Amino acid sequence: MGQFTINTEGLPFSLPYTLDSGQAFRWRESGNFWYGVIDGGILKIRQEEHALLCSSSSDGIDTQKVFHYFALDEDLERILASVMKDRHITEAVQMYYGLRIMKQDVWECLLSFVVATNSNIPRIKGMISNLCERYGEKVEFEGETYSLFPGAAALARATVTELAGCGLGYRARYVKSISEAVDSGWMSLEEIRLHDYARAREILTAEILGKKTFMGIGPKVADCVLLFSCDKTSAFPIDVWMARVLARDYPGLFDAELTAKLASKASGQASLSEATYERLASAARGYFGDYAGYAQQYLFHRERLKEG
DNA sequence: TCCCAGGCTCAAC
DNA sequence: GTTGAGCATGGG
């Protein structure tokens, strides 16, 4: 039950670019305000010239929490300067200046991107919304009822059929087994967060006897989770949109063989093998540096909006 | 109606 | 190790 204002003078930040760039799927805009869930409570937020006007459903959500969630404590100017290596990324940065990589909850981020595979953003929002409405705790705020993101225990209790009923399709069994792994403590998301990028990614995509430890988590999902919720800013997720950008604007980064595989991925004809994905992402990380993930997000956002 | 989507799994080479 | 089919579903 708090209202507070955050002074953002001299702090490059765009709330709409950040919330609408495909890194989080639960924020909703209504009447000049954005509504979302942070830390088990509701946050209502609007950006003005030099301030963020905030209201929240709980006292736990304060200036410090909001600052951290939107990564306002990061030196964006320095970060962007470090990735502006060419005219393509420079143009994207200029167009969407102020877009930040949020620091999301790991569990919500992991489930969201597992569910996101081979789907599109509007539909992803629908699937996640269904999961929240059916399995999430309810919170009252300003006379309306909001649903929190369901915990691992609640989803582990659901049957695969029930989960599929949320529109998840074949992803339902991935959600079920990952929920069970987290609920039982077999998979520790907080521990994964503590490792460096390479090790964390190794754990997420590990295999036992030639089979995935956690079904539904491939290299791309892992990169999204690491970038958006584990502070691994060098992670460079490559989906069809990014394959398109790389094939068209960055052919010089890869040899002929990799460029050809990028092109077939970009046109939806084939998906990338784990080894190919790693070669591509590694080249991109090497080129853009420690904040390659920021470059990726600006390029992704621009590419997606080109369609209109 | 058809095509596509913040890909992944699994069998077959 | 690489490749290719199959996958559930709904938005455009």
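Here the structure is a predicted model, which is why all the values come from computation and not from measurement. Here is the naming used below: chain letters follow the sequence lines, and residue numbers restart at 1 for every chain. We use all heavy atoms of the structure for the numbers below, so side chains are in, but hydrogens, waters and symmetry mates are not.
Between A:E140 and A:K138 there is no salt bridge, since none of the side-chain N atoms of the basic residue sits less than 4.0 Å from a carboxylate O of the acidic one. A salt bridge between A:K232 and A:D290 is absent, with no side-chain N of the basic residue lying under 4.0 Å from a carboxylate O of the acidic one.
A:L15 and A:F4 fall within a single hydrophobic cluster, where Ile, Leu, Val, Met, Phe, Trp and Tyr side chains are chained together by heavy-atom contacts under 4.5 Å.
Aromatic ring centroids of A:Y298 and A:Y96 lie 6.0 Å or more apart. A:Y17 has its ring centre no less than 6.0 Å from the ring centre of A:Y97.
For the contact set between residues 109-121 of chain A and DNA chain C, defined by any heavy atom under 4.0 Å, the members are A:N118, A:N120. Within a heavy-atom distance below 4.0 Å of DNA chain C, the residues of residues 272-294 of chain A found are A:S273, A:A275.
Contacts of A:M215 with the nucleic acid, taken as non-hydrogen atoms under 4.0 Å apart, involve only primed sugar atoms and P, OP1 or OP2. Looking at heavy-atom distances under 4.0 Å, A:F300 makes contact with a base. When heavy atoms are screened at a 4.0 angstrom cut-off, A:E257 is found touching no nucleic acid atom at all. In this structure, A:G268 reaches neither bases nor backbone, as no heavy-atom distance under 4.0 Å exists between it and the strands shown. The residue A:K261 sits close only to the backbone: its heavy atoms come under 4.0 Å of sugar-phosphate atoms, none of a base.
By the 30° and 60° cut-offs, the orientation of the rings of A:F70 relative to A:W27 is tilted. Note: A:F236 and A:F288 have parallel aromatic rings, judged against thresholds of 30 and 60 degrees for the angle between ring planes.
Of all nucleotides in DNA chain B, those with any atom nearer than 4.0 Å to a heavy atom of chain A start and finish, going 5' to 3', at B:dA5 to B:dC10.
When each of A:V245, A:D223, A:L272 is checked for a side-chain contact (heavy atoms from CB on, under 4.5 Å) with A:I238, only A:L272 meets the rule.
Side-chain N/O atoms of A:H68 and A:Q64 include no donor and acceptor closer than 3.5 Å. A:Y135 and A:N130 share no side-chain donor-acceptor pair at under 3.5 Å.
Atom P of nucleotide C:dT2 and atom NZ of A:K265 are separated by 17 Å, given to the nearest angstrom. Atoms CZ (A:R171) and C1' (C:dG10) sit 10 Å apart, rounded to a whole Å. The distance from atom CE of A:M127 to atom C1' of C:dG11 is 11 Å, rounded to the nearest whole Å.
Remark on DNA chain B: of its neighbouring residues A:I238 and A:K212, the 5'-side contact belongs to A:I238, judged by nearest-heavy-atom nucleotide. Along DNA chain B, the nucleotide nearest to A:F228 and the one nearest to A:Y174 differ in position, and the one closer to the 5' end is contacted by A:F228.
The backbone N or O of A:A235 lies less than 3.5 Å from no partner atom in the side chain of A:R201, so there is not a single donor-acceptor pair.
When all heavy atoms are compared, the tightest approach of A:A71 to A:Y294 is CB-OH, 4.4 Å.
The P atoms of C:dA8 and B:dA11 are separated by 14 Å, rounded to the nearest whole Å. Here the separation of C:dA5 from B:dG6, taken at their P atoms, is 23 Å to the nearest Å.
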